[in-house]
Amino acid sequence: MDKYEKVIDLAKRRGFLWNSFEIYGGIAGFYDYGPLGCLLKNNIINKFREEFLIKEGFYEIESPTIMPYEVLKASGHVDNFTDPIVECKNCLESFRADHLIEESINIDTEGLSLKKLDEIIKKENIRCPKCGGELGEVKRFNLMFVTNIGPGGKRTGYLRPETAQGIFILFKRLSQFFRNKLPFGVIQIGKSYRNEISPRQGVIRLREFTQAEIEYFVNPKEKRHEKFKNIEDEIVRLLPAENQINGLGEVEITLKEAVKKEIIKHEVIGYFIYKTKKFLIDIGIDEKKLRFRQHLPDEIAHYAIDCWDAEIYTERFGWIECVGIADRTDYDLKSHSLHSGEQLDIFVEGEEKEVECYEIELNYKIVGKIFKKDTKMIENYIKKLSEEDKENLINKLENEEKIILEIDGKKFEILKDYLKIKKVKKVIKGEKVIPHVIEPSFGIDRIIYCLLEHNFVEEEDRVYLNLKPYLAPIKVYVFPLVNRENMPEIAKNITKMLRENNIIAEYDDSGAIGRRYYRADEIGVPFCITVDGQTLKDNTVTVRERNTKKQERVKIENIIDYLKEKL
RNA sequence: GCGCCGGUGGUGUAGCCUGGUAUCACUCUGGCCUUCCAAGCCAGCGACCCGGGUUCAAAUCCCGGCCGGCGCACCA
């Protein structure tokens, strides 16, 4: 039995993780969180909120998990989140088109279009490897789950493949919420869906999984971070792209140096690498089993300029990607702006500059009488002119005494005295920019598995989960040492008192005391309270700490304070 | 999705080859006992992955599916 098996076995037996739909045979890629798993997951997510929402001043939003076609079209998922497949016309079996070609004629199909793949199959007369039948057209298999919105299936929807898009499309609302000041950070925590071809490795690769994503919007010209100097001496373990290419290993380096040497592109990414490390270590990931690996040039998304994965070491799977930290630039906002027609930018105050420009107003007394209803149209036209166009117009008017404006197919003759032209000096305080977005994206399910594995401790005579008290699903077990002399009643009352003080506690009086300790240890209960003979005399109980097994006598009336201090 | 291997109470298993409804241990539940780390005693709950075929009869043989493991592929 390897460690993975031991951990999953424990998780299943004790109610952390279960295969979904088990009584119907199960479906790969789906897992249920049982009672303890759910508590643990919520505790982790709350820690995430503490670290990013409270301490960083980010805010959380929650958007739908079903998204209309347009959103995913704009994000590129409809077109690019796909594999090319081809179906046999005879036996209806599906194959990866690119692989079929590579196998049959041994050429590289990287980057070829569907059409091209189709042509190759026709030209080379590639046939079904199973039955020899003719192959159909090459199609895309999209890894998104498709659904219909509303009756009649008129609108196509998809289950979101990432939570990020929900944030991007709220950009206008969000920038207003943050009073139009960069930088700002937005969090979304929730389910995402990918119809994986062959999900395996338990909870590591799921079709429905929980992401906690941050989109941190920054001025493209300002990728420094105000808190970087506080953390720049922190040493991190990095595996830069260059080292991977040259077969070199990891480096231990301060963030300051990594940014200075341009291993890490800029301070913001550096800062999030620090925050990610802090969060993971705070919840109990083993620091020795954590590293940050930079994406290689051929694996990084084309729109990203730097990307680092927090990788966590597991005994069975080796290093697995649990967090991705990417600078996605303005790709998403630009794309949504283009497709939606909304301006997704923000005004950034910059250096004060004095510029000369013209102000043009209509001389309404004259113009109004002449153009009547069309006046408004001319007014709008003039307002929208750029500085350059204004200058051209004014010059022309000077030279030719009149100009003809053509607006919406109508022609208007404008004379010099129709306009009031003023040359003014204006102070410009900034410009409109499309923010860049730095995205740390956490795979919560993977992190939970790694956390369980790293904190699964085997001793000669017991197994325990070394969960931090604040993360442990159940905080306290309460036992009567023996089931007589009122001890069960006292223990039950203590359990009740703990629960009334918001401490999750369980009562257990079955079997011998050792067995109860064992059961509690196995699910990571940090404290066990035992009511014994002495309790009857002086109202004290023993509090036993999970890892050390050491006991301390505490007065019942002080129990709540005692525990709250440690949780 | 391909190839190989596997699937029996909650867990680990015996039985499968050579067809006749299932072994043992642990866990779990209730009780007794027990004054601090899986003690003991009594009683109890609990399983042949699903579907089809062969057969008087299928956990057992055959086929398909599902799930799991490994290898390949995939992982924007």
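To find a chain, count down the sequence lines: A is the first, B the second, and so on, and within it residues start at 1.
Nucleic acid contact class of A:Leu143 (heavy atoms, under 4.0 Å, all strands): none. Counting non-hydrogen atoms under 4.0 angstrom, A:Glu485 reaches a base of the nucleic acid. Using a 4.0 Å heavy-atom criterion, one finds that A:Arg516 contacts no nucleic acid atom at all. If you check every strand for non-hydrogen atoms under 4.0 Å, A:Asp461 touches a base. Contact annotation for A:Thr542: base contact, defined as any heavy-atom pair under 4.0 Å involving a base atom. As judged by a 4.0 angstrom heavy-atom cut-off over every strand, A:Arg316 is placed among residues touching the sugar-phosphate backbone only. Using a 4.0 Å heavy-atom cutoff across all strands shown, A:Glu22 reaches no nucleic acid atom at all. Within the nucleic acid shown, A:His77 comes within 4.0 Å of at least one base atom, counting heavy atoms only. Within 4.0 Å (heavy atoms only), A:Glu162 reaches at least one base atom of the nucleic acid. When heavy atoms are screened at a 4.0 angstrom cut-off, A:Gly26 is found touching the sugar-phosphate backbone but no base atom.
In this structure, B:U29 and B:A43 make a Watson-Crick or G-U wobble pair, each of the two defining distances being under 3.5 angstrom. Across every strand in view, B:U13 sits unpaired, with no contact that passes the Watson-Crick or G-U test at under 3.5 angstrom. Pairing for B:U35 is absent, with no Watson-Crick or G-U wobble pair whose two atom distances lie under 3.5 Å. A 3.5 Å limit on both hydrogen-bonding distances identifies B:C70 as the Watson-Crick or G-U partner of B:G3. Using the Watson-Crick or G-U wobble rule with both distances under 3.5 Å, B:C61 pairs with B:G53. The pairing partner recorded for B:A22 is none, the criterion being a Watson-Crick or G-U wobble arrangement whose two distances lie under 3.5 angstrom.
Distance check on atom C1': B:U8 versus B:U13 gives 9 Å, rounded to whole Å. Across the P atoms, B:C41 and B:C33 are found 16 Å apart, a figure rounded to whole Å. For the C1' atoms, the distance linking B:U11 with B:A47 amounts to 12 Å, nearest Å. The separation of B:U18 from B:C4, taken at their P atoms, amounts to 23 Å, rounded to a whole angstrom. As rounded to the nearest Å, B:C45 and B:C49 have P atoms that lie 22 Å from one another. Spacing of C1' atoms, B:G51 relative to B:G15, comes out at 24 Å, to the nearest Å. The P atoms of B:C48 and B:U21 are separated by 15 Å, rounded to the nearest whole Å. Here the separation of B:A58 from B:G52, taken at their P atoms, is 12 Å to the nearest Å.
Of the possible polar contacts, one joining the A:Glu213 side chain to the A:Thr163 backbone as a donor-acceptor pair under 3.5 Å is found. When atom types are taken as modelled, the side chain of A:Asp309 and the backbone of A:Glu321 share no donor-acceptor pair closer than 3.5 angstrom. Judged by distance alone, the side chain of A:Arg446 and the main-chain N or O of A:Ile204 form a donor-acceptor pair under 3.5 Å. Using a distance-only test at 3.5 Å, with no hydrogens or angles considered, no donor-acceptor pair links the side chain of A:Asn19 to the main chain of A:Glu22.
Among B:G69, B:C33, B:U35, the nucleotide with an atom closest to any side-chain atom of A:Asn483 is B:C33. For A:Ile513, the listed nucleotide lying nearest its side chain is B:C37; candidates were B:U34, B:C37, B:U29. Nearest to the side chain of A:Arg205, among B:A76, B:U11, B:C74, sits B:C74. Comparing atom distances between the A:Ala28 side chain and each of B:G68, B:C37, B:G69 picks out B:G68 as nearest. Checking B:G69, B:C67, B:U34 against the side-chain heavy atoms of A:Val482 singles out B:U34 as nearest.
Ion pairing of A:Glu5 with A:Arg316 is present here, as a side-chain N (NZ or NE/NH1/NH2) and a carboxylate O approach within less than 4.0 Å. For A:Asp327 and A:Lys223, the salt-bridge test passes: some basic side-chain N is under 4.0 Å from an acidic carboxylate O.
As rounded to whole Å, 8 Å separates atom P of B:G12 from atom CD of A:Glu5. Atoms CZ (A:Arg207) and P (B:A76) sit 16 Å apart, rounded to a whole Å. Distance NZ (A:Lys12) to C1' (B:G9): 15 Å, rounded to an integer number of Å. Atom pair A:Asp521:CG and B:C36:C1' shows a separation of 13 Å (rounding to whole Å applied). Whole-Å rounding puts the A:Asn195 CG to B:C75 C1' distance at 13 Å. Rounded to an integer number of Å, the gap from CD of A:Gln201 to P of B:G69 is 8 Å. Taking atom CD on A:Glu439 and atom P on B:A76, their separation rounds to 13 Å, with Å as the unit. Look at CD on A:Glu299: it is 11 Å from P on B:C75, rounded to the nearest Å.
Of the residues A:Ile556, A:Val554, A:Leu498, A:Thr535, the one that meets the side chain to side chain contact (heavy atoms under 4.5 Å, CB included) test with A:Ile529 is A:Leu498.
Residue A:Arg14 places no side-chain N or O under 4.0 Å from the OP1 or OP2 atom of B:U27. When the side-chain nitrogen and oxygen atoms of A:Arg515 are compared with OP1 and OP2 of B:A39, one or more of them lie within a distance under 4.0 Å. Distances shorter than 4.0 Å separate some side-chain N or O of A:Arg519 from OP1 or OP2 on B:C28.
An anti base is found at B:U8: its glycosidic angle is more than 90° from 0.
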Q) Can you list the steps and then say if A:Glu196 with A:Arg205 is a salt bridge (Lys or Arg N to Asp or Glu O under 4.0 Å)? A) CA-CA 8 Å; A:Glu196 299 284 353; A:Arg205 192 108 169 276; 2.9 Å; yes

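Position along RNA chain B of the nearest nucleotide to A:Phe81 versus A:Gly29 favours A:Gly29 as the more 5'-ward residue.
A donor and an acceptor atom never sit less than 3.5 Å apart when one is taken from the side chain of A:Tyr24 and the other from the base of B:C50.
Residue A:Glu62 qualifies as open at atom CD: its count of foreign heavy atoms under 6.0 Å is 12 or below.
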